[in-house]
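Numbers here are sequence positions counted from 1. We use all heavy atoms of the structure for the numbers below, so side chains are in, but hydrogens, waters and symmetry mates are not. Atoms within a ligand are numbered from 1 in the order they appear, just like the ligands themselves.
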Amino acid sequence: MVHDNEITNKSKNRPFEDILQARMSRRNLLAKSVMLSAGGFVTVVAGNQLQQAIAHPGRERHELRNRRGFWRRRSRLLGFEAVKVADGNGPVPVISPDYEYQVLIPWGTPIQPGGPEYDGDPNTRPTADEQAQQVGIGHDGMWFFPIRERSYHGMLAINHEFGRNSHVLGKDDPESLDDVRLSQHAHGVSVVEIKKGRFNGRWQVVGSHNARRIHVNTPVTFSGPVAGHPLLQTPAGNSPLGTVNNCSNGYTPWGTYLTCEENFNGYFGATDEWTITEAQERYGFTENGFGYGWEKFDPRFDLSKVEYENEENRFGWVVEIDPMDASQTPVKRTALGRFKHEGVALTIGRGRRVVCYMGDDQRFDYIYKFVSARNWRRMRAEGISPLDEGKLYVAKFNDDGTGEWLELTIDNPLLAAKFKDQAEVLTYARLAADELGATPMDRPEWTTIASNQYVYCSLTNNSRRTETNAANPLAPNPDGHIIRWRDTDSHVGTTFTWDIFVIAEDTHGTEESFSDPDGLWADPQGRLFIQTDGGQKDGLNNQMLVADTRTGQIRRLFTGVTGDEITGLTVTPDQRTMFINTQHPGNGDPTLTNFPAPQGSAKIPRDCTFVIVRKNHGIVGS
Ligand code: FEO
Ligand code: CA
Ligand code: CA
Ligand code: CA
């Protein structure tokens, strides 16, 4: 997504972190890492490792050399032939010769077989009503929910992050409320029932009682500490509707889907004079938003309409959806805070509490953690959602390789001085985190929890960083890095240790080349799938690679098409089928690619899902 680029964090944390904590320029840091690795090609530099290295260079060299370079052990996890750098470009995808892919549910696919279909004809577009019965655009986070634990049949819940007007409407600006409704219906979430053909092995959408579209005008409810609060009420008294800019996702142990609202600010604008509030500024609202123009025909998105004051507070949440029950109303879980939620990774911590790790994707924004109040099963037995009661924390990364989770609670006098109640703290979580001195990061995207109990988080890039700190060691950082941490007390503690798994720049010029890490998924065997979104080096399109978390080796499994990003990842229970997405192929321009239609067909490119299998039926990644 291209709209994560502004800086709205003007808190003291920036100069504090950037100037006081960060003494090492990028040049110095790289010079030191090269010095440490004399004789080898070392590319992983961790905050704590670097400090230890200065004191114990011999030990450090031993630790570092296993990550990347000449001495690495051969990975037993990565058995496939890589897509070569030289092959990973052009208008159609390329997959490892050991694998094959199938296209599934491109934008415009009817969610029920026989429904209205849109096939990418450049001269037409679906109507708003048709779009509400079709898979949306901007395929992003998703999860496969098997039916009776089958690996050939299940519900696929998938996010539709964004679609430019030029792609969705075929023009830059909406000219009517109908145009706005088409754009709104192309956003949100699809839930479809999919099944693998018994004889041909091909997946398809099948008729379903629980398939549904959730979009910007679908009724939703609020739960948790902010539900019922005046901050979620408008003078117009309109009921809460919809979800937007659904980026990455999570899923719960009780079988529900979590969709994350990221750049919600960009869908609001102002048609008249409007005085921006401190909170609106911190969340990046502007007069024209990202240029969708919804505010011109739908006053709900017009910041200058006093009747719709607070409407914007209804977005920026994590939303829970039951993929097995189309009658369920999506619930916005306010205990998880309001920010530009990239995604949410769940695990079960000590005391069987639910723990959620979450990134806020903007330059110089933060990483958060939520811990449920009690044992999740007991809470559910009492009729309480484990996502409604608990503590929300924000991360502070110290330069010595340790870190702290700072609780966002009104009981903290620093927050009580600025906010009236806990609901305000959660609604303006960014502002609360500013007060506590959280560490501004290089755009936190996906998080994933690996079998080694490390949490990995992609920091996609930050071309505006001018001063470094150990956790964000490059200034500027145009290509990003992946950080990882291990929590104390089985994910429920308030401290952690961290290091850097890989700096993207260090892979350039090698067959491991990648930039702008975004989607991440750690499999149970120790692989880390890395998806990219941004300008790749070495002539590559965006791609999906697989890393061995033990050896640090990285191998390219898949490259997308010109202009796209690769995002979204889920597997069947047997891990022998994986689903990933291409988002904004060709940026919607049919002169760059017609994918998934044949090249030369003149069709406009459409976002779609890929079904990926290993030809020898091995688990995906092997
Ligand atoms: Fe939706 Fe930050 O990517
Ligand atoms: Ca995106
Ligand atoms: Ca992303
Ligand atoms: Ca991104």
Seminar exercise, completed: The single option from Asn245, Asn265, Thr8, Asp365 that satisfies side-chain hydrogen bond (donor to acceptor under 3.5 Å, both in side chains) with Lys340 is Asn265

For this session: To 10°, measure the OE1(Glu262)-atom 1 (Fe) of ligand 1-OE2(Glu161) angle for me.
Result: 80°

Would you name the N/O/S atom of [X] that lies closest to atom 2 (Fe) of ligand 1?
| X | value |
| --- | --- |
| Asp361 | OD2 |
| Glu445 | OE1 |
| Glu342 | OE1 |

Closer than 3.0 Å to the Ca ion (ligand 3): does that hold for any N, O or S atom in [X]?
| X | answer |
| --- | --- |
| Glu565 | no |
| Asp361 | no |
| Glu445 | yes |

For this session: Restricting to N/O/S, name the atom of Glu342 that gets closest to the Ca ion (ligand 3).
Result: OE2

Problem set entry | Donor-acceptor contact present, side-chain Arg486 to main-chain Gln453, <3.5 Å | no

Any donor-acceptor N or O pair under 3.5 Å, side chains [X], [Y]:
| X | Y | answer |
| --- | --- | --- |
| His491 | Tyr357 | yes |
| Asn462 | Asp442 | yes |
| Gln583 | Asp533 | no |

Exercise. Among Ile483, Val502, Leu520, Thr447, which residue meets the side chain to side chain contact (heavy atoms under 4.5 Å, CB included) test with Tyr456?
Worked result: Leu520

